[in-house]
Amino acid sequence: MVSHSTAPHGADSEVGRLATVMLHRPGNELKRLTPRNNDRLLFDGIPWVSRAQEEHDAFAATLRERGVEVLYLTELLTETLGSELARNHAITSALSGLHLGDTMRRYLAQALRSLSPEELTDVLTAGIRNDEVKGGHGLVTSLLHPHDFLVDPLPNLLFTRDSSVWVRDRVAVTSLAMPARKRETQLTELIYTEHPRFAGTRKIHGWHNEHVEGGDVLLLAPGVIAVGVGERTTPAGVERLARQVFHADLAHTVLAVPIAQERATMHLDTVCTMVDVDKVVMYPNVADTLRAVTVTLEDRGSGESDLTLSVSGSEPFLVAAAKAMQIDTLHQIDTGLDPVTAEREQWDDGNNTLALAPRVAVAYERNDETNDRLEDAGIEVVRIAGSELGSGRGGPRCMSCPISREPLRVV
Ligand SMILES: NC(=O)NCCC[C@H](N)C(=O)O
């Protein structure tokens, strides 16, 4: 079993000292990517898998050297699948909603039950190709191409930030918008529900089709949450999250931040992350246009859906954020980059940093200019390689789900 950290689970900021994080070391699911399926599976190329693993191992080693406990999603999942109840649940949910036909569904339901927890973890993450099944052959298998997937692989599991997010001592298992990622939350839900490490953890639930992705959720300060609304998180998703966090007294303000519905800006954390209690690094090309709508609780009803929300007009994001955080200014690190350099480095996740503590941030080494400017501003930049990891379009923040951060004092 993974050793237990003494730090309580939860996070109330982006920058409190990072104690425990969940990562996913890229595995066989990346070996499923081909030029025919990489777009659908949300990768921009075909990564060199062994090099991606080396880069990821170095990322994890860097975190450990800095005192962070690293948990791996697949280890947690395998431990969870040691229970027969969890195995049955995982198999039923993986097969539900897939267009398999009853012959294949019956066969797979049976065949997957005979696998060990390790083998089942591999199948649930790397998927199953038509030519890999030993039985269940019939109309569906004969009409599919041998290399078609019966169960899709999950290459974006690498980005553990998106499928769950901790808000204080609760975990929100999110609702992912893209079909290629929907199944990821079945795994995080199972881990948080069934793994002994998370026994008793309360969850934020009830999304229906109102999508929220963790990459859009920034814990700006204790009680203040910014949520990007764009390609992934929907307006109804942010309303649902606001109701949930207000109802549970986890926050007093939610800032809804519209972002362009484009791949380059798929989540709020692709354009802005926090590097200190009052400093963000932000894509300069959106800095002047990023705005926010402030949502607070006007009246408490008996349940989540009875709450009356107060919704302000939109204001510049940094202004609205500073007001909600009750500080004079939320500073944007002045990267002063020319727009073309800024665009190049934003695409390569230059603004997607993972804070290990106030003024200490992990960043991809390739973004020389952004990193130099961060250092000029007094931020310690812990540079990591990401040439292969980056082909999935995510940086250090996207690749990490903080499970425990030291609480910040309210500023
Ligand atoms: N928080 C993030 O920005 N995560 C990166 C997700 C990349 C992944 N290929 C996706 O398109 O969802």
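Just so you know, ligand 1 is whichever comes first in the structure, and atom 1 is the first atom listed for that ligand.
- The closest approach between any non-hydrogen atom of Glu213 and ligand 1 is not below 4.0 Å.
- Taking any N or O of Asn352, backbone or side chain, none lies under 3.5 Å from an N or O belonging to ligand 1.
- By the 3.5 Å distance cut-off applied to N or O atoms, Arg161 is not counted among the residues near ligand 1.
- Within the 4.0 Å heavy-atom cutoff, Met178 does not count among the residues contacting ligand 1.
- At most 12 heavy atoms of other shown residues, nucleotides or ligands fall within 6.0 angstrom of atom CD in Glu343.
- Those atoms of ligand 1 that come under 4.0 Å of a heavy atom in Phe159, given as number and element, are 5 (C), 6 (C), 7 (C), 8 (C), 9 (N).
- Atoms of ligand 1 lying under 4.0 Å from any heavy atom of His267, numbered from 1 in the order shown and given with element: 1 (N), 2 (C), 3 (O), 4 (N).
- Residue contact annotation: Arg232 has a non-hydrogen atom under 4.0 Å from ligand 1.
- Counting heavy atoms from C-beta on, the side chains of Glu118 and Glu75 never come closer than 4.5 Å.
- Distances between N or O atoms of Gly392 and those of ligand 1 include at least one value under 3.5 Å.
- Of the protein's non-hydrogen atoms, Cys398 SG, 2.7 Å is the one closest to atom 2 (C) of ligand 1.
- Under the side chain to side chain contact (heavy atoms under 4.5 Å, CB included) test applied with Ser163, the options Glu184, Glu189, Glu213 reduce to a single match, Glu184.
- Heavy atoms only, all atoms of each residue included: Phe59 and Ser400 are closest at CZ-CB, 4.5 Å.
- Taking every heavy atom of Asp269 and a limit of under 4.0 angstrom, the matching atoms of ligand 1 come to 1 (N), 2 (C), 3 (O).
- Looking at heavy atoms from C-beta onward, Asn38 lies out of side-chain contact with Leu41 at the 4.5 angstrom threshold.
- Close approach of ligand 1 to Thr270 is summarised as follows: ligand atoms under 4.0 Å from at least one heavy atom of the residue are 3 (O).
- Aromatic rings of His24 and Tyr72 (six-membered ring for Trp) have centroids beyond the 6.0 Å cut-off, not under it.
- Neither the backbone nor the side chain of Arg397 has a heavy atom within less than 4.0 Å of ligand 1.
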Give the intermediate values and the outcome of side-chain contact (heavy atoms from CB on, under 4.5 Å) for residues Arg161 and Leu354. CA-CA 11 Å; Arg161 176 71 62 154; Leu354 169 68; 3.6 Å; yes
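- The Gly215 neighbourhood of ligand 1 comprises atoms 1 (N), with distances under 4.0 Å to a heavy atom of that residue.
- If you check which protein heavy atom lies closest to atom 8 (C) of ligand 1, you get Asn156 OD1, 3.1 Å.
- Inspection of the Glu298 and Thr308 side chains reveals no N or O donor paired with an N or O acceptor under 3.5 Å.
- Looking only at protein heavy atoms, the nearest one to atom 1 (N) of ligand 1 is Asp162 OD1, 2.9 Å.
- Under a cutoff of 6.0 Å and an axis angle of 45°, Arg344 and Trp347 do not form a cation-pi pair.
- For the pair Thr185/Leu187, no side-chain contact is recorded, criterion being any heavy-atom separation below 4.5 Å from C-beta on.
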